[in-house]
Student: 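Could you have a look at this structure, given as structure tokens, before my questions?
Numbered from 1 within each chain, the chains take letters A, B, ... in sequence-line order. As the structure is a computational prediction, the values presented were derived from the model and not from experiment.
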Protein chains: 2
Amino acid sequence: MIQNLLNTIESCVALNKEDIALCEAYFEPVLYPKNRIIEEEGQIPRYLYFVVSGFIRLFSYDKDGNEVTSHINCPPGFITSYRHFSDQVPAGENLECISECHLLRISKKDLDYIINESPALKDFSIWVFQQSMSYNENRAKALATLTAEDRYLHFMKSHPDVLHNVPLQYIASFLGMNPKSLSRIRKKITGR
Amino acid sequence: MIQNLLNTIESCVALNKEDIALCEAYFEPVLYPKNRIIEEEGQIPRYLYFVVSGFIRLFSYDKDGNEVTSHINCPPGFITSYRHFSDQVPAGENLECISECHLLRISKKDLDYIINESPALKDFSIWVFQQSMSYNENRAKALATLTAEDRYLHFMKSHPDVLHNVPLQYIASFLGMNPKSLSRIRKKITGR
DNA sequence: CTGATTAAGTAACATTTGTGAAGTGCCGTT
DNA sequence: AACGGCACTTCACAAATGTTACTTAATCAG
């Protein structure tokens, strides 16, 4: 479990023994079943989650009450409503397990503590935050410039694992299109 | 000039005399003409800019070579390719003055220095960074869930000043639609 | 096993948005 | 004043996407 996290961190920054001990002491392993909502819209996000296995999403509702998926992780990676977690203000999104998920979680207080103790972990936490920023920038650019079909083709190439493990309706709303439009696009693509 | 900046900061955090002195010492006023590109794609962003007056945008190019505007500020506010400025890596976007602009700029080195000297300014810089994150989240959500017409209506209400001072072609690409589609939508709206 | 529920696919049609050609008005240059 | 360039508009048509209604397949509770 924890080794998975440490490998991910070390692919970005070098860790010494104290850094590793901090992670082992403050990241808590948890297991959630499929469809469990672990952070709720309107509540202050309690934890930052590292996904060891499973698939997880952020979603909210549009003006007609339809679910809109704004983030789908692929393990290994971090997920939370970053901005609301950092500010400790009520989130605008729900965090839901799409499948059974093995996670490692850390509270805001503990995260603040360990990044204050360890410069390497501080650098890493900034990196995680900035990755989330890139994610939204890239999503907005794709939505603004690509057709629905191109958005799907691009998603298919970059996240094949998500495609095979996440309901298509979630992927459709993440890609900013109707599930039936996604069906049509998928049919068109397989036929060539 | 600088008072405009200080007012903006103080609407978020309280400043003491030392904080104010730091801002006065390290933010440098600059004046750029209309259409000047002040940070270039592929280059490391040198400064964070505070817009005192004027309009400014971030833009890049899509696969067909068309300009895509990804951010249009309205004064007073900050602008830069935040992530690339923070990391000091080559930016993916150009920063261009849409009109003559009075700006206050600060280099990465100086920003790091003043936020290290002043907890209030550090809090504020984090807030600025997070505002930029919200901006992209909101843009992505609008692009994913609203029709072109609704995106324009929403933009019209929230940024009337931009609408009246920025070429419509820039607004169209920011809203993820063709300039002609925007023309049609504008015509439809005025006729009711 | 049966019936109910849900996700996904299909088809026909409606609506929205993109595209190409052409026109208007504005602004600056000469 | 005449000219060219540019931003914006307009129109007709094409293409993409949304919508409604229906079908299929898989899953789950009884």
Student: Should the pair B:D112-B:K108 be classified as a salt bridge under the 4.0 Å nitrogen-to-oxygen rule?
Tutor: yes
Student: When the nearest nucleotide of DNA chain D is assigned to A:S181 and to A:K34 on a heavy-atom basis, which residue is associated with the more 5' position?
Tutor: A:S181
Student: N/O contacts under 3.5 Å, protein versus nucleotides 6-8 of chain D?
Tutor:
| residue | atom | partner | partner atom | Å |
| --- | --- | --- | --- | --- |
| D:dC8 | OP1 | B:L168 | N | 2.8 |
| D:dC8 | OP2 | B:L168 | N | 3.4 |
| D:dC8 | OP2 | B:Q169 | N | 3.2 |

Student: Within this structure, what is the CG-to-P distance between A:L143 and C:dT17, rounded to whole angstrom?
Tutor: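 That distance rounds to 14 Å.
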Student: Tell me whether B:R57 forms a cation-pi arrangement with B:Y170, defined as NZ or CZ under 6.0 Å from the six-membered ring centre and within 45 degrees of its axis.
Tutor: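 B:R57 over B:Y170 ring: yes.
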Student: So A:L15 and A:L121, do their side chains get closer than 4.5 Å, heavy atoms only?
Tutor: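 Yes, their side chains come closer than 4.5 Å.
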Student: Given atom CG of A:L146 and atom P of D:dT17, what is their separation to the nearest angstrom?
Tutor: 11 Å
Student: Would you mind reading off the distance between B:L175 atom CG and C:dG18 atom C1', rounded to a whole angstrom?
Tutor: 16 Å
Student: Enumerate the residues from residues 60-72 of chain A whose closest heavy atom to DNA chain C is under 4.0 Å, giving them by residue number; use none for an empty result.
Tutor: none
Student: Write down the distance between CE (A:M177) and C1' (C:dA8), rounded to a whole number of angstrom.
Tutor: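 Atom CE in A:M177 sits about 15 Å away from atom C1' in C:dA8.
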Student: Measure the shortest side-chain to side-chain distance between A:Y82 and A:L48 over non-hydrogen atoms and say whether it is less than 4.5 angstrom.
Tutor: yes
Student: When the distance from CD1 of B:I189 to C1' of D:dT9 is rounded to whole Å, what number comes out?
Tutor: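 Spelled out: CD1 on B:I189 to C1' on D:dT9 is 15 Å.
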Student: Would the distance check show the side chain of A:R105 and the main-chain N or O of A:Y47 forming a donor-acceptor pair, the cut-off being under 3.5 Å?
Tutor: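 Not at all, since once roles are kept as given, no pair shorter than 3.5 Å links the two residues.
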Student: Please state how far atom CZ in A:R184 lies from atom P in C:dC13, giving the value in whole angstrom units.
Tutor: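 After rounding, the gap between these two atoms is 14 Å.
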Student: Centres of the B:Y26 and B:Y113 rings: under 6.0 Å?
Tutor: yes
Student: In whole angstrom, what separates A:Y152's OH from C:dG9's C1'?
Tutor: 13 Å
Student: What residues, two or more places apart in sequence or in another chain, satisfy ring pair (Phe, Tyr, Trp, His ring centres under 6.0 Å) together with B:Y32?
Tutor: none
Student: Decide yes or no for B:M1 and B:H102: does some side-chain heavy atom of the first lie under 4.5 Å from some side-chain heavy atom of the second?
Tutor: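 Answer yes - side chains close enough.
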Student: May I ask you to test the A:F174-A:R139 pair for a side-chain heavy-atom distance under 4.5 Å?
Tutor: yes
Student: Measure from CD1 on A:I185 to P on D:dA15 and round the result to the nearest Å.
Tutor: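 Value for this atom pair: 16 Å.
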Student: Check this for me: does the side-chain of A:K180 come within 3.5 Å of the base of C:dG9 through a donor and an acceptor?
Tutor: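 Answer is no: no donor-acceptor pair is held.
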